[in-house]
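One-based numbering, in listed order, for ligands and for the atoms of each. We're numbering straight along the sequence, starting at 1. The figures here come from the full heavy-atom set of this structure, side chains too, leaving out hydrogens, waters and symmetry mates.
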Amino acid sequence: MQDEIIRYESAGISFGRKKVLSDFSLCIRRGKKVLMKGKSGTGKSTLIKILMGFEKLSEGSVYYRGKPLSPQVAWQVRKEVAYVSQDTDLGEGPVKTLLEEVNSYRPNREKMKPEKLHMFMNELELEKDILDKNFENLSGGEKQRIGILIALLLERDIFLLDEATSALDSGLKKKVADSFLKQAGWTLFIVSHDREWESKEVEIVEIGKNGTDHTNS
Ligand SMILES: Nc1ncnc2c1ncn2[C@@H]1O[C@H](COP(=O)(O)OP(=O)(O)OP(=O)(O)O)[C@@H](O)[C@H]1O
């Protein structure tokens, strides 16, 4: 299908002898919002890392825009998709400098418009003076919001959000979730334990304890 963005087919994940997930199938089409829920350790984060090329499937297949994942396709994913990981670690240095560094990667160049920066900072309730602070010294919730800020500044329309709001207070979780969910054109693959993501726009996929097997396609 032309509008297919991500598809797992009978995917299985093992680490050594430990089977984490088996026979998992899921298709995410353009504009869909999918929330993956399930107990800790069921392989949710790993499924996302596989798309980025950070981990590999042990069984089955994964496709991006209809193409089986290969190192080249994983590279395409990294250029086209905004990924917010569970713990945003950008190292040390002033936030402003880190944002400029992100901007220096060729595919993202000229994307960081100051007016956008201020609009997104406002939405994320980030004060201007955070730009001069050392990233390392920020709170967990502030680091998380900088991760989301970067994802938004990249102006992409496919997002992989791995516990992107876990350290935020409930009001802010809701605000962030709503601002992502209202974008009809965005494709969202969300891993979260936060209830704030559960809304009518979202398809919920439950992953079982021993690797369940969700098929929606
Ligand atoms: N590189 C790795 N090497 C060995 N084991 C790993 C590796 N990555 C993940 N695991 C293990 O695989 C299991 C699944 O991890 P994963 O982070 O994908 O789970 P999760 O469903 O996202 O959990 P949580 O909800 O706690 O974030 C865990 O038991 C984890 O310890």
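Each of V205 and Y63 belongs to its own hydrophobic cluster when Ile, Leu, Val, Met, Phe, Trp and Tyr are linked at side-chain heavy-atom distances under 4.5 angstrom. When hydrophobic clusters are built by joining Ile, Leu, Val, Met, Phe, Trp and Tyr residues whose side-chain heavy atoms come closer than 4.5 Å, directly or via intermediates, I50 is not grouped with W75.
Atom 13 (C) of ligand 1 lies below 4.0 Å from at least one non-hydrogen atom of the protein.
Closest heavy-atom contact between K175 and E123: CE-O, 3.3 Å. Shown here for L172 and E125, the closest heavy-atom pair between the two residues is CD1-CD, 3.7 Å.
Remark: minimum distance from atom 17 (O) of ligand 1 to any protein heavy atom is reached at S45 CB, 3.5 Å. The protein atom (non-hydrogen) at minimum distance from atom 23 (O) of ligand 1 is G41 N, 2.9 Å. Of all protein heavy atoms, the one lying nearest to atom 29 (O) of ligand 1 is K18 NZ, 2.7 Å. The nearest protein atom to atom 1 (N) of ligand 1, hydrogens excluded, is given as E55 OE2, 3.2 Å; this is a heavy-atom distance. Among protein heavy atoms, the minimum distance from atom 26 (O) of ligand 1 is reached at S40 OG, 2.5 Å.
In H193, the part holding a heavy atom less than 4.0 Å from any atom of ligand 1 is the side chain. Both the backbone and the side chain of T42 come within 4.0 Å of ligand 1, judged by heavy-atom distances.
Ligand 1 is approached by Q86 to a heavy-atom distance shorter than 4.0 Å. The closest approach between G43 and ligand 1 falls below 4.0 Å for a heavy atom of the residue. In this structure, E163 has no heavy atom closer than 4.0 Å to ligand 1.
In summary, the atoms of ligand 1 found under 4.0 Å from a heavy atom of K44, numbered by their order in the structure, are 18 (O), 19 (O), 20 (P), 21 (O), 22 (O), 23 (O), 24 (P), 25 (O). Residue contact check: V20 has heavy atoms under 4.0 Å from atoms 12 (O), 13 (C), 14 (C) of ligand 1.
No N or O atom of F15 sits closer than 3.5 Å to an N or O atom of ligand 1.
The residues D157 and R30 are annotated as salt-bridged, a charged nitrogen and a carboxylate oxygen being separated by less than 4.0 angstrom.
For the pair K33 and F180, the cation-pi test (distance below 6.0 Å, angle within 45°) is failed.
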For this session: For T165 and W197, run side chain to side chain donor-acceptor pair (under 3.5 Å): C-alpha distance rounded to whole Å, both residues' side-chain angles, the deciding distance at 0.1 Å, then the answer.
Result: CA-CA 9 Å; T165 49; W197 288 98; 3.0 Å; yes

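When I50, T46, D162 are ranked by how near their heavy atoms come to atom 15 (O) of ligand 1, first place goes to T46.
The aromatic rings of Y8 and F24 lie perpendicular to each other, with more than 60° between the two planes, well past the 30° mark.
With contacts defined as side-chain heavy-atom distances shorter than 4.5 Å, the pair S170/E196 qualifies.
For the residue pair E80 / Q76, a side-chain donor-acceptor distance below 3.5 Å is found, with atom types taken as modelled.
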